[in-house]
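Labels below follow one simple rule: chain letters A, B, ... track the order of the sequence lines, proteins then strands, and each chain is numbered from 1. Just so it is clear, the structure is predicted and the values come from calculations on it, not from any experiment.
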Amino acid sequence: MLRNDIQRITGLTRKALEYYEEKGFIHPRRLENGYREYSEKDAEILNKIALFKKLGLTITEIKDCLKTDGATASIFLRRKEQELESDKKRKAVFDLYIKGEDTDLINEKLTVIEAEDSIYKRLERAFPGYLGQCLFAAYQPFLQEPLSKDGEEAFEKYIQYLDSLPTFELSREEQYYIDELSSSFNMQTLKDVNEAKIAAVENYEKWHNENKDTISIYDRYLNSDDYKTSPMKNIQDQLKTFLMDHHYYEVAIPLIRQFSKSYDHYYKKLTEASDYYLKQKGDAPQ
DNA sequence: TTTCTGACA
DNA sequence: TGTCAGAA
């Protein structure tokens, strides 16, 4: 196929085609007169590029999407969702500004949004794909409050801590497994699941009593060989080891508790809930 | 910086 | 066709 055919099929321009070629997406062979001859494969890739572009993905994101044949597309969907949420919040602040709201309040609100963005970026960097987004969804509800003076310091330290973390890497198979597993979850789902979890921890006694049956079924599953040999368990163990190796529980968690009152409250409740759970099971609390 | 566009040879 | 300056 010649350039004109491709342009007609994909709707991309000549310059765009050259650009994607330079970036190594396609490798059209050259005819004697120097014209490009595009293969079916090239056309297929360019069609996908055109589609992803319409969905608002950047070239880097498109590259990743193509590499894994769409399994990672949901990662970018969730990222876009988060970006849109952020924009929505900025718009709300803009409205406040137009209404003549106090500048200090405006700045405070913007700082909260920036803090959220900055944690999202760093979690995604340290924990690529689904895991980072999951971690973020877990923390996001606690990032909505303005920082106090010493909270600011703790926040900075937490950011530095995240920057110093190496990337948590899974094998290709594990990555694929988790991408596939999570491909139907959007950001809202993750957030909803977390809110349910927070609510359960807040009223752990009530929740525990109301869900006794489910809990015992889940307990049995956790003790089954099915679970113990599953890739999920393996990945969870790796993550746990990674976090322990990098002193996440000793360094990062206390920092978060310092800059987020609501997280601190949640943390205490979680500890109580876990003691309660162990007591109910008949074991001594650890 | 990224992702092209338009002019020109 | 490729190159280059530059726009958004």
Presence of A:Tyr19 side-chain N/O under 4.0 Å of B:dT2 phosphate oxygens OP1/OP2:
no
In this structure, how many angstroms lie between the C1' atom of C:dT1 and the CZ atom of A:Arg29, rounded?
17 Å
Side-chain N or O of A:Thr60 versus OP1/OP2 of B:dT2: is the shortest distance under 4.0 Å?
no
Quick one: which of A:Arg29, A:Arg3, A:Met1 gives a side chain to side chain contact (heavy atoms under 4.5 Å, CB included) with A:Glu37?
A:Arg29
Under 4.0 angstrom, heavy atoms only, what part of the nucleic acid is A:Lys23 near: base, sugar-phosphate, or nothing?
nothing
Gap between atoms NZ and P, on A:Lys54 and B:dC4 respectively (whole Å)
14 Å
Please determine if a side-chain N or O atom of A:Arg30 lies less than 4.0 Å away from the OP1 or OP2 oxygen of C:dT1.
no
Could you check how far NZ of A:Lys15 sits from C1' of B:dT2, rounded to whole Å?
17 Å
When clusters are formed from ILVMFWY side-chain contacts under 4.5 Å, directly or step by step, what else is grouped with A:Tyr35?
A:Leu2, A:Leu31
Can A:Lys233 and A:Asp237 be counted as an ion pair, charged N to O under 4.0 angstrom?
yes
With no hydrogens and no angle check, is any side-chain donor or acceptor of A:Thr10 less than 3.5 Å from a backbone partner on A:Asn47?
no
Would you mind reading off the distance between A:Gln7 atom CD and B:dC4 atom P, rounded to a whole angstrom?
13 Å
Can you find an N or O donor on one side and an acceptor on the other, under 3.5 Å apart, linking the side chain of A:Arg14 with the base of C:dG2?
yes
With a 4.0 Å cut-off on heavy atoms, is A:Arg36 in touch with a base, just the backbone sugar-phosphate, or nothing at all?
sugar-phosphate
